[in-house]
Amino acid sequence: MSTSSESGIVASKPIKKTPNDFVFGKVIGEGSYSTVYLAKEIGPGTEYAIKVLEKKHIMRERKTQYVMREKEVLMNINHPFFVRLYYTFQDADRLYFVLGYARRGELLDYLHKLSSFDEDCSRFYCAEIVKALEYLHGAGIVHRDLKPENILLNDEMHIQITDFGSAKIFKEGDTSEENSSNQRKNSFVGTAQYVSPEVLTSKSASKSSDLWALGCILYQFLSGEPPFRGGHEYQIFQKITKLEYEFPEGFNSLARDLVQKLLVLDPDKRLGSDEMGGFDALKSHDFFTGIDWDHLEETKPPELV
Ligand code: ADE
């Protein structure tokens, strides 16, 4: 459709894609409410990861607001360390999110293959996550389900964070009862191993909850396992609320100091929180010595060994 303006310049509205514009290939991801397919756009041949959601299932499980939130968040993100949303469309039964294809898959698979990452790799990938969170929080978004499964890798082995189905948009300066300290009460709990104590005790997540997850992830990079483990979720939750974890022998001492400054029960006392100097203070931690913060995206990642 074309619309002519007074200037005579004709602006054409982008035409909505349809499922027929793509050839759907293998399944590359599966969640509770979606299936992700590798797909190729007919014509250009560009590869995408298309997330397909069954409308009936979403409605039955009352997840409509989460799906709408995920789309809104993805539409607002424009940064190399996040999976990009290219198109959305629907048919009678399904919703489609056409996402950038992170060709190298999950960081977790590399972690499992290697058991753990060496210091250089841990530092580099931790720094990329810090950079990504700095952008995300600056855009007024909390991820709330940050974990190695949601950190994908592109062809150049840089991170591509995905899965905004649990994300929240917060309004800076909103001091209303519902949004006090930029927190909101809600029934959502992320993945057990990475969930922050405040989400368990007061059901409120904030930017700082992502910093807790970052602490868990750095610990896992270096040791191979997340810090809070247990046979059942409630055992994990108990350990989290009591800050019950230990460092294995030989754990890098600067990384240990950083983890200890992130895994703090009081969300306002975590390194990287506004109260503790924000991201500048976090990026200045000695563990990150040597990181070129302004050129991470162009830096060749250390080989995962
Ligand atoms: N699995 C889920 N989403 C993906 C993506 N965007 N790229 C590659 N694998 C995925």
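Atoms considered below: every heavy atom in the structure, side chains included; atoms not considered: hydrogens, waters and symmetry mates.
F221 is listed as a side-chain neighbour of Y125, based on a closest heavy-atom distance under 4.5 Å. Residues Q160 and F82 form no side-chain contact, since every pair of their non-hydrogen atoms from C-beta on lies 4.5 Å or further apart. At least one side-chain heavy atom of Y219 sits less than 4.5 Å from a side-chain heavy atom of P248. The side-chain heavy atoms of I58 and Y66, taken from C-beta on, include no pair separated by under 4.5 Å. Within the 4.5 Å cutoff, side-chain heavy atoms of H143 are placed close to those of L136. With a 4.5 Å cut-off on side-chain heavy atoms, V52 and F24 count as touching. By the 4.5 Å heavy-atom criterion applied to side chains, Y37 and I28 are not counted as neighbours. Looking only at side-chain heavy atoms (C-beta outward), V27 and L38 stay at 4.5 Å or farther from each other.
With rounding to the nearest 0.5 Å, the separation of CG in L262 from NZ in K269 is 15.5 Å. Once rounded to the nearest 0.5 Å, the distance linking CG of L53 with OG1 of T35 reads 8.5 Å. Taken from NZ in K56 to CE in M59, the straight-line distance is 10.5 Å, to the nearest 0.5 Å. Separation of atoms CG (L111) and CG (L304) is listed at 9.0 Å; rounding is to 0.5 Å. In this structure, F251 CZ and R256 CZ are separated by 8.5 Å, a value rounded to the nearest 0.5 Å. To the nearest 0.5 angstrom, F124 atom CZ is 11.0 Å from I129 atom CD1.
Looking at D91 and Y96, their side chains do bring a donor and an acceptor atom within 3.5 Å of each other. For the 3.5 Å distance criterion, the side chains of S196 and E198 qualify, holding a donor opposite an acceptor. Inspection of the S208 and S206 side chains reveals no N or O donor paired with an N or O acceptor under 3.5 Å. No side-chain N or O of S273 forms a donor-acceptor pair with one of D268 less than 3.5 Å apart. In the model, D109 has no side-chain atom that pairs as donor or acceptor with a side-chain atom of H112 under 3.5 Å.
A pairwise comparison of heavy atoms in F81 and A132 identifies CB-CB, 3.9 Å as the closest pair. The minimum heavy-atom distance linking N150 with D145 is given by the pair ND2-O, 2.7 Å. V259 and G215 get closest at one heavy-atom pair: CG2-O, 4.0 Å. Closest of all the heavy-atom pairs between I141 and A167 is CG2-CB, 4.2 Å. For the pair E298 and D294, the tightest heavy-atom approach, listed with the atom from each and the gap, is OE2-O, 4.4 Å. Of all the heavy atoms in K131 and W293, the pair that sits closest is NZ-O, 2.9 Å.
If you look at Y245 and F228, their ring centroids are closer than 6.0 Å.
Annotation: E303, atom CD; neighbour count of heavy atoms from other residues, nucleotides and ligands within 6.0 Å does not exceed 12. Atom CG of N78 is surrounded by 12 or fewer heavy atoms from other residues, nucleotides or ligands within 6.0 Å.
Looking at R94, its side chain never comes within 3.5 Å of a backbone N or O of E54 through a donor-acceptor pair. The backbone N or O of T88 sits less than 3.5 Å from a side-chain atom of K16, completing a donor-acceptor pair. Put simply, the side chain of Q220 never gets that close to the backbone of C216: no donor and acceptor are under 3.5 Å apart. Here the side chain of K239 pairs a donor or acceptor atom with the backbone of R229 at under 3.5 angstrom. Although no hydrogens or angles enter the test, the distance criterion places a donor-acceptor pair under 3.5 Å between the side chain of S223 and the main chain of E225. Under a 3.5 Å cut-off, the side chain of R69 and the backbone N or O of I169 do not form any donor-acceptor pair.
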List the steps and the verdict of side chain to side chain contact (heavy atoms under 4.5 Å, CB included) for L263 and L243.
CA-CA 8 Å; L263 298 184; L243 198 63; 4.2 Å; yes

Test ring-ring contact (aromatic ring centres under 6.0 Å, His included) on F279 and H137 and set out the steps.
CA-CA 10 Å; F279 278 88; H137 293 178; 5.7 Å; yes

Go through it in stages, so that I can follow the logic: the residues are I240 and W212, the test is side chain to side chain contact (heavy atoms under 4.5 Å, CB included), and I'd like the CA-CA distance, side-chain angles, deciding distance and then a yes or no.
CA-CA 10 Å; I240 291 170; W212 175 277; 3.7 Å; yes

Checking Y48 against V36 for the side chain to side chain contact (heavy atoms under 4.5 Å, CB included) test, could you report, in this order, the C-alpha distance in whole Å, the side-chain angles of both residues, the deciding distance, and whether it holds?
CA-CA 10 Å; Y48 293 101; V36 182; over 6 Å; no

Full working for side chain to side chain donor-acceptor pair (under 3.5 Å) between K55 and Q90
CA-CA 9 Å; K55 287 182 190 177; Q90 55 181 300; 2.7 Å; yes

Side chain to side chain contact (heavy atoms under 4.5 Å, CB included) between H232 and F237, worked out
CA-CA 9 Å; H232 293 280; F237 293 161; over 6 Å; no

Walk me through whether K147 and D163 qualify under salt bridge (charged side-chain N to carboxylate O under 4.0 Å, His left out).
CA-CA 10 Å; K147 54 181 172 179; D163 199 351; over 6 Å; no

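For the pair R123 and F287, the cation-pi criterion (under 6.0 Å, within 45° of the ring axis) is fulfilled. For K113 and Y110, the positive end sits near the middle of the six-membered ring, less than 6.0 Å away and at most 45° from its axis. Stacking of K17 on the aromatic ring of Y87 is recorded, both the 6.0 Å distance cut-off and the 45° axial limit being met.
Linking Ile, Leu, Val, Met, Phe, Trp and Tyr residues whenever their side-chain heavy atoms come within less than 4.5 Å places L296 and L133 in a single cluster. At a threshold of 4.5 Å between side-chain heavy atoms, the hydrophobic network of Ile, Leu, Val, Met, Phe, Trp and Tyr places L95 and L74 in one connected group. No chain of hydrophobic side-chain contacts below 4.5 Å, direct or via other Ile, Leu, Val, Met, Phe, Trp or Tyr residues, connects M276 to L218. F164 and M68 fall into different hydrophobic clusters, where Ile, Leu, Val, Met, Phe, Trp and Tyr are joined by side-chain heavy atoms under 4.5 Å apart, directly or via other members. At a threshold of 4.5 Å between side-chain heavy atoms, the hydrophobic network of Ile, Leu, Val, Met, Phe, Trp and Tyr places I50 and V67 in two separate groups.
Between E47 and K40 there is no salt bridge, since none of the side-chain N atoms of the basic residue sits less than 4.0 Å from a carboxylate O of the acidic one.
Between H158 and the choices R104, E128, K300, the side chain to side chain donor-acceptor pair (under 3.5 Å) rule is met once, by E128.
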